[in-house]
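Here you go, one structure.
Convention: sequence-line order gives letters A, B, ...; per-chain numbering from 1.
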Number of protein chains: 2
Amino acid sequence: MPTIYEVAAAAGVSPATVSRVFNGANVSPEKAEAVRKAAKALAFTPSRTARTLRLQSSEVIALVIPDIENPFFTALARGVEDVARAAGYSVVLCNTDEDHEKELVYLDIALSATMAGVIIAAAGGNSDLSGLLARKCPVVAVDRSPHGVDVDAVIVDNRAGGRAATHALVEQGFQRIACITGPSDVETATQRADGWRDAVTTGRPAEADDRYLRYADFRVDGGAAAMSELLALPEPPDAVFVANNLMSVGALRVLSEQGKLPPATGVAVFGDLPFLPLVPIPITVVHMPARHLGITAAKLLLERIKGDDQPARTIVLRNQVSPVG
Amino acid sequence: MPTIYEVAAAAGVSPATVSRVFNGANVSPEKAEAVRKAAKALAFTPSRTARTLRLQSSEVIALVIPDIENPFFTALARGVEDVARAAGYSVVLCNTDEDHEKELVYLDIALSATMAGVIIAAAGGNSDLSGLLARKCPVVAVDRSPHGVDVDAVIVDNRAGGRAATHALVEQGFQRIACITGPSDVETATQRADGWRDAVTTGRPAEADDRYLRYADFRVDGGAAAMSELLALPEPPDAVFVANNLMSVGALRVLSEQGKLPPATGVAVFGDLPFLPLVPIPITVVHMPARHLGITAAKLLLERIKGDDQPARTIVLRNQVSPVG
DNA sequence: CTTGACGGTGAAATCGATTTCTGACAGGGT
DNA sequence: ACCCTGTCAGAAATCGATTTCACCGTCAAG
């Protein structure tokens, strides 16, 4: 690949002038034209690597997510991407698979590649953002706010959503409402379970019955396994609040196999299933503003990149609850 | 962030020695130890940018896909990622949205960031890989092989799959079998339609009835729109072959709305819907080995990166046809 | 007529890691 | 004693773009 020196030689100018042509500094029209012609002839593309090294920053932002196969995160990614590319930034997606090791590797890459910023949906527990923060790399947390770190965050009110979803089941008259949530070290999982606990204990003296609470893995098979366990209880639940979209697929599959699909069993889900609503099954859904989470996070990040240094903000988006089917 | 010079100063050696310590060259144990201690104390991470500039290559491969919200491509991405990271490479995902402009930008980035290689599911039509090829950047096409360019490719037999799927509908006794396929400038779309044409004309003198053929956009809404059109025909089809997973969601939604879900209407789909199989709807599915497409493409690319320069290969994976529901 | 400002340009420094080149020193063979 | 080989380590060149600095004209103001 041709370098700026070759272009300079071909156009009969210095490399400095070539650089100026591409960066909009003052160059005489004739030389500018000569440079442009030479650049086109050689199919010259400036090396981003050299540029990044010199400028100590690039126009790439990293989006770190725990599960690329979850439609929620891909929708979020689309939101981030749209905003970013409108502002001239590229987005690279990094899939951590809920694995701290991988997450650390990617954050390290983001740092040592001097990316412009990072948007992260942290893998379970306390992610180590100290490296980024120490180097003043702009960071925005999305969906999950890392524990004890003071960064911008864009989230939803998980507890309220869990409560609303469960409350809908209560109102439908169900008596024994179970909860299938995510890993106990993931904030969104515990908060949604807290919402469930709120709703099932409202107006009752009793405590939430933890026999009906299951921690799974936010994935299809985990949801199925948890549902099977619940149905095998001596006194199985008559309804279930599932704390994310993928697990609900597993849970519904099990219910389907056992002939207990809604309305026989009450089901409420935190999150959308874009490919689900074919057959009318009455389910309560807490819609996630996935795309908007991404859009908002990207806007925040861009502000930080531009130099905004006000104290960290947390933005809480609403999620609507609606029956489906 | 600390540089190699600071580490060198702290350890009382030259930068060259620090580099040698990290790259496994001969260094006396004492100095090596001193360097390691200094590096740890300063939390030193070598700059990938500088390293890439000097070495003229990085350990990052780009995966360029047309629709990140399609589970097929995310499954493929997982396959690529697993192989890549096992070999010490990172994967960055680039979403082109079936847009040539965006695709070009990303290919340009891959080149000017001297990435190790590119795996691409080309956006419709003839993608411009000339830049990459001219610079001898390893490229593997996956799912779709760019027209008229001689690169490694990992694909499935789209025509055979379309034929098999449609044939299943014929065998089920359907008479007027429609086809909803993708954009006419996408290879996989036309090939699958060709398969449909094969099957509906087998053993009949007549030509395929193009009234029953619709070119959509490989997305949910496009599938729905096409299905609506088909059902509005004076003599509507009694079965439909849908050429990808997302469009089938739209088509099934329309069928559901009009009370014509299978088995009333015959449906065959090219591709899997991971989140679908809840309610038993009898559908014929041509399974896509998405993950394996990714795995195979990544292996091929790694070979090329290592310097393999045998003539370009095309690997055709099988896809199984099976009834579902 | 002089001075200052300013637009245009090239030479050279810079970003941070790698690597060649070179020299210093130690040990073994004749 | 001498030479050769081999190990270790630093100085300096290198990758390619950006940017400061210095310089040369030209033009306008004083």
(message) Between B:Arg51 and B:Glu59, does any side-chain N to carboxylate O distance fall below 4.0 Å?
(response)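 A salt bridge is present here (some side-chain N lies under 4.0 Å from a carboxylate O).
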(request) May I ask you to say whether A:Asp97 pairs ionically with A:Arg219, meaning some side-chain N is under 4.0 Å from a carboxylate O? (result)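 Salt bridge present between A:Asp97 and A:Arg219.
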(message) How many whole angstroms separate atom OH of A:Tyr5 from atom P of D:dA17?
(response)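 These atoms are roughly 8 Å apart.
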(message) Are more than 12 heavy atoms, taken from residues, nucleotides or ligands other than A:Glu101, located less than 6.0 Å from that residue's CD atom?
(response)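 12 or below, so no.
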(message) If you only use heavy atoms from C-beta on, which nucleotide in D:dG16, D:dG10, C:dA17 is closest to the side chain of B:Phe44?
(response)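 Nearest to the side-chain atoms of B:Phe44, counting from C-beta on, is C:dA17.
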(message) Strictly below 4.0 Å: does B:Thr17 bring a side-chain N or O up to OP1 or OP2 of D:dG10?
(response)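 Indeed, a polar side-chain atom of B:Thr17 lies that close.
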(message) Working to the nearest 0.5 angstrom, can you tell me the gap between B:Lys299 NZ and B:Ile315 CD1?
(response)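 Rounded to the nearest 0.5 Å, the NZ-CD1 separation comes to 9.5 Å.
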(message) Using OP1 and OP2 only, check whether a side-chain N or O of B:Ser19 sits under 4.0 Å from C:dT18.
(response)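 For C:dT18, OP1/OP2 do have a side-chain N/O of B:Ser19 under 4.0 Å.
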(request) Return the value, rounded to whole Å, for the distance between atom CG of A:Leu42 and atom P of D:dG16. (result)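 Going from CG in A:Leu42 over to P in D:dG16 covers 14 Å.
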(message) Between B:Arg144 and B:Glu98, does any NZ, NE, NH1 or NH2 come within less than 4.0 Å of an OD or OE carboxylate oxygen?
(response)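 Answer for the salt bridge query: yes.
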(request) Kindly indicate whether the side chain of A:Ile305, heavy atoms from C-beta on, has any atom under 4.5 Å from the side chain of A:Tyr89. (result)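 Yes, close enough: below the 4.5 Å cut-off.
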(message) How many whole angstroms separate atom CD of A:Glu6 from atom P of D:dC15?
(response)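 Distance, rounded to whole Å: 11 Å.
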Distances under 3.5 Å between protein N/O atoms and the N/O atoms of nucleotides 24-27 of chain C, please, pair by pair.
none

(message) Any base atoms under 4.0 Å from A:Val18, or only sugar-phosphate, or nothing? Heavy atoms, all strands.
(response)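 Nothing: the residue A:Val18, judged by heavy atoms under 4.0 Å, touches no strand.
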(message) Measure CD1/A:Ile4 against C1'/D:dG16 and give the value in whole Å, please.
(response)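 Value for this atom pair: 8 Å.
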(message) Please report the distance, rounded to the nearest Å, between CG in A:Leu55 and C1' in D:dG16.
(response)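 It works out to 12 Å between those atoms.
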(message) With a 4.0 Å cutoff (strictly under), does any side-chain N or O of B:Ser47 reach OP1 or OP2 of C:dC15?
(response)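 No, outside the criterion.
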(message) Over the length of the helix from C:dC1-D:dG30 to C:dT30-D:dA1, how much do the five-pair end axes diverge, rounded to 10 degrees?
(response)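 Taking the rotation axis at each end, their angle is 60°.
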(request) Report yes if a donor N or O on one partner sits less than 3.5 Å from an acceptor N or O on the other, where the partners are the side chain of B:Arg54 and the base of D:dT14; otherwise report no. (result)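 Side chain to base: pair found, below 3.5 Å.
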(message) Tell me whether B:Ser58 contacts the main-chain N or O of B:Thr114 through its side chain, where contact means a donor paired with an acceptor under 3.5 Å.
(response)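 Pair found, side chain donor or acceptor close to backbone of B:Thr114.
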(request) Answer whether the closest heavy-atom distance between the side chains of A:Met115 and A:Leu132 falls below 4.5 Å. (result)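 Sidechains of A:Leu132 and A:Met115: no contact.
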(request) Rounded to the nearest angstrom, tell me the gap between atom CZ in A:Arg51 and atom C1' in C:dG16. (result)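 To the nearest whole Å, that distance equals 18 Å.
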(request) Output yes when A:Asp82 and A:Arg291 qualify as a salt bridge under the 4.0 Å nitrogen-oxygen rule, no when they do not. (result)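 Result for this pair is yes, salt bridge flagged.
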(request) Could you tell me the separation between the CZ atom of A:Phe22 and the C1' atom of D:dA17, rounded to a whole number of Å? (result)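 Rounding to the nearest Å, CZ of A:Phe22 and C1' of D:dA17 are 12 Å apart.
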(request) Produce a footprint string for nucleotides 20-26 of chain D: one letter per nucleotide, 5' end first; B if the base is under 4.0 Å from any protein heavy atom, S if only the sugar-phosphate is, - if neither. (result) B------
(request) Give a yes/no answer on whether the side chain of A:Ser14 brings an N or O atom under 4.0 Å of OP1 or OP2 in C:dG10. (result)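 The answer is yes; a side-chain N or O of A:Ser14 sits under 4.0 Å from OP1 or OP2.
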(message) Measuring from atom CG of A:Leu302 to atom CG of A:Asp308, what distance do you get when rounded to the nearest 0.5 angstrom?
(response)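 It is 11.5 Å, given to the nearest 0.5 Å.
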(message) Please report whether the ring centroid of B:Phe22 lies less than 6.0 Å from that of B:Phe44.
(response)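 So the answer is yes for these two rings.
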(request) Grab the CG-P distance between B:Leu111 and D:dA17 for me, whole Å please. (result)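 That distance rounds to 12 Å.
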(message) I'd like to know if A:Asp150 and A:Arg313 make a salt bridge, using a cut-off of under 4.0 Å between side-chain N and carboxylate O.
(response)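 Answer for the salt bridge query: no.
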(message) On DNA chain D, does the nearest nucleotide to B:Leu53 precede the nearest nucleotide to B:Ser28 from the 5' side, or the other way round? Give the residue.
(response)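 Here B:Ser28 is the residue nearer the 5' end.
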(message) Please confirm whether the shortest side-chain N or O distance from B:Asn26 to OP1 or OP2 of D:dT7 is below 4.0 Å.
(response)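 Answer is no, no contact under 4.0 Å.
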